[in-house]
Amino acid sequence: MVANAHASHSTSSPYRRFLDPLKGKELTPPPIWLMRQAGRYLPEYRATREQAGGFLDLCYSPRLAAEVTLQPIRRYGFDAAILFADILIVPDALGQSVRFEVGEGPRLDPITTEKELARLRPDATGKKFAIICETVQRLRQDLPAETALIGFCGAPWTVATYMVGGQGSTDQADARSWAYRDPDGFQKLIDMLVEVSVDYLSGQVKAGADALQIFDSWAGSLPDNEFARWVIDPTRAMVEALKARHPEIPIIGFPRGAGASTAEFVTATGVDGVSCDTAMPLCAMRELAELDVAVQGNLDPLLLVAGGEALDRRVDEILAAMKGRRHIFNLGHGITPPTPPENVARLVERVRGGAG
Ligand code: 1CP
């Protein structure tokens, strides 16, 4: 139903309302998309995933990755689609083997010393990045003209936590310990990630991405001085380098768990949008919106599982709090697998229904 939208892919871009708040314009109702809007809560995703075989096979198949990106757009007509890939594509492209075990999270061979770091191959990332960019290209052709396309990568700090720990963890102790023990060595890993991530995102922009999001899911585990060095500085370096290459590209930062450091993150990095997690008070989101930035968020993903009036109530509260501000409606974190798809439809209808 969607695949007929190609016509207006011409030199002048058609209007994509998702981009307005990022470019300084408030919209009522706000644009809406959801983190992890493609994923296991959708039966059609599970079917395509099975067809692909492994999770990385899905990411590296432009045809199937584009298909799962389009699935939630067909169902819900979100204002933006997000490229289907994963933040661990970057370590995989660097030559650190990444595996997704069934029923568990990702597994990598951990890198904890400068010697192991030296085995990574930043020059060899091009081939795998090119496959992902082919997905972006397909998507820009197949998406409805009015739907924006978001490219993304993980922030250097968060990607490093997986590269050093070898898997997800609740406290990111391995990366934090390396950063304390040997800050200069750890800085080399971060610098490498800044450089390859900029190339990767720049490739996504050239392939047709309208905006970028940098996911720093584990930003909240650092004390403020370390937050400045490992979250703010690398993000600012990426934003500067990307804006030098693509002055018009809007960039959203997602420093999850940054709390009281979020305002400093916004002013110091120069992002155009900031995504807020569920714990960010609505009054703090309103204050952030005074900083010449679009504010995205922050419905609790568990309310989307619960549904019903509890969901409606909180949606109305968020809309009321952000009314008149540059707001993009989203969750505070990704959709979880037990989410009933009909609750997502209810949410979209509520946001668009003008409750605000
Ligand atoms: O079984 C499956 O099909 C795999 C589940 C899955 C999915 C759907 C993973 C494994 N990744 C993804 C896609 C994905 N990941 C997207 C696609 C676009 C969309 O949002 O629809 C994006 C943007 C990500 C980003 C990502 N991957 C983050 C940052 C956001 C966040 O959730 O905090 C992180 C931390 C990852 C790592 C990752 N990939 C997959 C899992 C299960 C995890 C978390 C691992 C862990 O910490 O335990």
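Numbering of ligands and ligand atoms starts at 1, following listing order.
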Completion exercise
Closest to atom 48 (O) of ligand 1 (heavy atoms only, candidates Ser217, Ser169, Gly168, Gly334) is Gly168
Exercise for the section: Please state which part of Arg40 comes within less than 4.0 Å of ligand 1, counting heavy atoms only: side chain, backbone, both or neither. Expected result: side chain
Problem - N-O pairing of Glu317 and Arg314 below 4.0 Å - result: yes
Practice task
Provide the number and element of each atom of ligand 1 under 4.0 Å from a heavy atom of Phe152.
Solution key: 22 (C), 23 (C)
Fill in the blank from the handout: From the list Phe186, Trp218, Tyr180, ring-ring contact (aromatic ring centres under 6.0 Å, His included) with Trp230 holds only for Phe186
Handout entry: The one among Gly39, Gly54, Ala85 that brings a heavy atom closest to atom 13 (C) of ligand 1
Key = Ala85
Completion exercise
Of all protein heavy atoms, the one nearest atom 34 (C) of ligand 1 is Ile87 CD1, 3.5 Å
Practice task
Taking only Lys NZ, Arg NE, NH1 and NH2, and the carboxylate oxygens of Asp or Glu, determine whether Lys188 and Glu114 approach each other closer than 4.0 Å.
Solution key: yes
Practice task
Kindly check if the number of other-residue, nucleotide or ligand heavy atoms within 6.0 Å of CD (Glu264) is above 12?
Solution key: no
Handout entry: Side chain, backbone, both or neither: the part of Leu58 lying under 4.0 Å from ligand 1 by heavy atom
Key = neither
Handout entry: SB check Glu248 Lys243 (cutoff 4.0 Å)
Key = no
Problem - The single option from Phe152, Tyr45, Tyr60 passing ring-ring contact (aromatic ring centres under 6.0 Å, His included) against Phe84 - result: Tyr45
Handout entry: Protein heavy atom at shortest distance from atom 27 (N) of ligand 1
Key = Asp86 OD1, 2.9 Å
Handout entry: Closest non-hydrogen atom pair between Ala85 and Ile89, with its separation
Key = CB-CG1, 4.3 Å
Exercise for the section: Could you tell me whether Glu240 and Arg245 make a salt bridge, using a distance below 4.0 angstrom between a side-chain N and a carboxylate O? Expected result: no
Problem - Interfacing atoms of ligand 1 (cut-off 4.0 Å, heavy-atom, Ala38) - result: 21 (O)
Exercise for the section: May I ask you to check whether Ser221 and Gln172 show a side-chain donor-acceptor distance below 3.5 Å? Expected result: yes
Exercise for the section: Please determine which of Leu282, Val295, Asn330 meets the side chain to side chain contact (heavy atoms under 4.5 Å, CB included) test together with Cys276. Expected result: Val295
Completion exercise
In this structure, atom 31 (C) of ligand 1 is nearest to the protein heavy atom His333 NE2, 3.2 Å
Problem - Option nearest atom 43 (C) of ligand 1 (shortest heavy-atom distance, choices Gln172, Arg36, Gln37, Arg107) - result: Arg36
Fill in the blank from the handout: Heavy-atom proximity to atom 46 (C) of ligand 1 ranks first, among Tyr162, Trp33, Phe84, for Tyr162
Exercise for the section: Would you indicate which of Ser275, Gly105, Pro106, Pro301 comes nearest to atom 45 (C) of ligand 1 when only heavy atoms are counted? Expected result: Pro106
Completion exercise
Nearest non-hydrogen protein atom to atom 9 (C) of ligand 1, with distance, is Phe55 CZ, 3.4 Å
Practice task
Please state whether Tyr45 comes within less than 4.0 angstrom of ligand 1, counting heavy atoms only.
Solution key: yes
Practice task
Of all the heavy-atom pairs spanning Cys153 and Leu201, show the shortest one and how long it is.
Solution key: SG-CD1, 3.6 Å
Problem - For Arg49, atoms of ligand 1 separated by under 4.0 Å from a heavy atom - result: 1 (O), 2 (C), 3 (O)
Handout entry: Protein contact of atom 10 (C) of ligand 1 - nearest heavy atom, named by residue and atom, plus distance
Key = Phe100 CE2, 3.4 Å
Exercise for the section: Determine whether any heavy atom of Leu83 lies closer than 4.0 Å to an atom of ligand 1. Expected result: yes
